[in-house]
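Here is the structure we will look at.
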Amino acid sequence: MARRVQLAREVAKVKMVAKLPLYRGDKEKERLEEVGKWADTEGIDPLFARSLLYSVIGESCKQQMILKDSCNGEVTVHVDKESWHKRLRANLIELTKMWAPTYDKEYGKEFVSTRLHQAYEEEILGQMVESLPHHEAIVDLGCATGRVALQFGPRFRQRFGYDVSPDMIEVALRHAAERHNRNVYFEVHDIEMGIPLANDSVSLVVMNQGTGSDIQNISGLLAEIERVLKPEGQFFVSFYNAQALAYRTFLPWPLTLAAEINVNENYLEVHCKGKIIPVYAEAYSVDKVENLFTGRLLSVTQVSTHPTVGAILPNDVYTEQAVASFVERLDRSLALGDAYFGAYIVVCGVKNRSV
Ligand SMILES: C[S@@+](CC[C@H](N)C(=O)[O-])C[C@H]1O[C@@H](n2cnc3c(N)ncnc32)[C@H](O)[C@@H]1O
């Protein structure tokens, strides 16, 4: 409720700046009708459900009017692009600081779809590693605690991981030292600035779990991936899918994803220890992603989206093991279909010798 009231105040500011009315009867009616229908299907009295929502909406309206009165309707919200991006970057550093100590054990733990997606990615990565013609170096862009490089690295002569977060890199370095791993290099580095490796030196580039969406200059980074990959080297890049089923409608329960993209406003809401922290991210369609790769030496061999149905179901569904396994299998088969409705877009491909 506190979060909702806080958001209602934020919405009021935006409405005042845009000179929109605070009260929107049509929207209110729509929401109340919707909640009545859900209540009915759940066997609850629709009037009870509507009255509950009515009080919540009433409180939000009251708070918005108090705010409007307090500033005579004159509010200026400074949301220029540069300071907004600065704020989102500061949030990313803050978020990764909070996550770093427990990221490996806890990220995705309470979000079933995120966990299943990690397993899905790992399966694809495992197959890619096996199929590579050479195992020179693996590079994880946005490596966090170094999971990918440490898990898949032993097949490679060298492993590199870059992350903008000092706290994540500290944990990655500790993990590497604990395992006495040699030829592992984790570095605090902003990959918007490029990849600090030589031309044609890498066998596999990984940028997983939607990290492709975190990058503002994605074309520049793809050019860098193209540059560092050896011919026949492969890449695995993942984005948030603007067309995912999960973002198509309002659901009366939380998504089972640890991070949800705002498809219109270029930010990602990441759950972190009971808080929701916005960080920069751009949502892509499959077409838009495929366009990013055209005209390059990088040719796309597989595009999949995942998870689809699993992401929109309520968490309770997963307490029944048989149902959970069914949903998992269903999403695996949907992933490779030609309806791209999964929450993440996973693009795999290879660097050719010529375009
Ligand atoms: C979803 S996590 C990736 C997790 C990791 N690869 C794994 O499998 O556990 C995204 C990571 O990308 C990092 N990141 C985001 N933008 C970045 C940038 N511009 N440069 C370097 N790292 C970045 C974040 O700090 C975060 O740790």
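Every number for a ligand or one of its atoms is a count from 1 in the order of the listing.
For ligand 1 and Ala144, the ligand atoms under 4.0 Å from any heavy atom of the residue are 4 (C), 5 (C), 27 (O). Residue-ligand proximity, Gly142 to ligand 1, at heavy-atom distances under 4.0 Å covers atoms 3 (C), 4 (C), 5 (C), 6 (N), 11 (C), 12 (O), 13 (C), 22 (N). Ligand-side atoms of ligand 1 in range of Arg89: 19 (N), range being under 4.0 angstrom from any heavy atom. The distance from ligand 1 to the heavy atoms of Gln209 drops below 4.0 Å at these ligand atoms: 1 (C), 7 (C), 8 (O), 9 (O). Residue-ligand proximity, Thr96 to ligand 1, at heavy-atom distances under 4.0 Å covers atoms 25 (O). Shown in contact with Glu192 at under 4.0 Å from a heavy atom are these atoms of ligand 1, numbered in order with element: 19 (N). Residue contact check: His189 has heavy atoms under 4.0 Å from atoms 20 (N), 21 (C) of ligand 1. For ligand 1, the atoms lying closer than 4.0 Å to a non-hydrogen atom of Val148 are 8 (O).
Contact check for Ile124 versus Tyr120: side-chain heavy atoms found under the 4.5 Å cut-off. By the 4.5 Å heavy-atom criterion applied to side chains, Gln118 and Tyr107 are counted as neighbours. Using a 4.5 Å cut-off on side-chain heavy atoms (C-beta onward), Ser203 and Lys230 make contact.
Taking the six-membered ring where the residue is Trp, Phe111 and His271 present tilted rings, their angle falling between 30° and 60°. Ring geometry, Trp99 versus Tyr103: the interplanar angle exceeds 60°, so the pair is classed perpendicular (tilted spans 30 to 60°). Using the six-membered ring where Trp is involved, His85 and Tyr280 have ring planes that are perpendicular, over 60° apart on the 30 and 60° scheme.
Proximity of Leu141 to ligand 1, defined as any heavy-atom pair under 4.0 Å, is not found for any part of the residue. Neither the backbone nor the side chain of Ala259 has any atom closer than 4.0 Å to an atom of ligand 1 (non-hydrogen atoms only). Using a 4.0 Å cut-off between heavy atoms, Asp140 contacts ligand 1 through its side chain alone, with no backbone atom that close. Contacts of Glu122 with ligand 1, taken as heavy-atom pairs under 4.0 Å, are absent altogether.
A donor-acceptor pair shorter than 3.5 Å can be found between the side chains of Glu59 and Gln63. A donor atom on one side chain and an acceptor atom on the other are found under 3.5 Å apart for Ser325 and Gln321. Of the N and O atoms on the side chains of Thr305 and Asn241, not one donor lies less than 3.5 Å from an acceptor on the other residue.
Residue, atom and distance of the protein heavy atom nearest to atom 6 (N) of ligand 1 are Asn208 OD1, 2.7 Å. With respect to atom 4 (C) of ligand 1, the closest heavy atom belonging to the protein is Tyr103 OH, 3.3 Å. The protein heavy-atom contact nearest to atom 19 (N) of ligand 1 is Asp190 OD1, 2.9 Å. Looking only at protein heavy atoms, the nearest one to atom 25 (O) of ligand 1 is Asp163 OD1, 2.7 Å. Nearest non-hydrogen protein atom to atom 20 (N) of ligand 1 is Ile191 N, 2.9 Å. Nearest non-hydrogen protein atom to atom 23 (C) of ligand 1 is Val164 CG1, 3.7 Å. With hydrogens left out, the protein atom closest to atom 10 (C) of ligand 1 is Thr211 OG1, 3.3 Å, a heavy atom.
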**Message:** Using ring pair (Phe, Tyr, Trp, His ring centres under 6.0 Å), reason through Phe239 and Tyr344 one step at a time and then give a plain yes or no.
**Reply:** CA-CA 6 Å; Phe239 298 86; Tyr344 292 89; over 10 Å; no

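Panel note: side chain Asn181, backbone Val184; no donor-acceptor pair is recorded below 3.5 Å. Between the side chain of Gln64 and the backbone N or O of Ala8 there is at least one donor-acceptor pair closer than 3.5 Å.
Evaluated by nearest non-hydrogen atom to atom 7 (C) of ligand 1, the leading choice among Arg147, Met207, Gln118, Gln216 is Arg147.
Ligand 1 lies out of reach of Gly210, whose nearest heavy atom is not under 4.0 Å from it. Using 4.0 Å as the threshold, Glu121 has no heavy atom nearer than that to any atom of ligand 1.
We find that Arg147 and Asp140 are not joined by a salt bridge, their nearest charged nitrogen and carboxylate oxygen being 4.0 Å or further apart.
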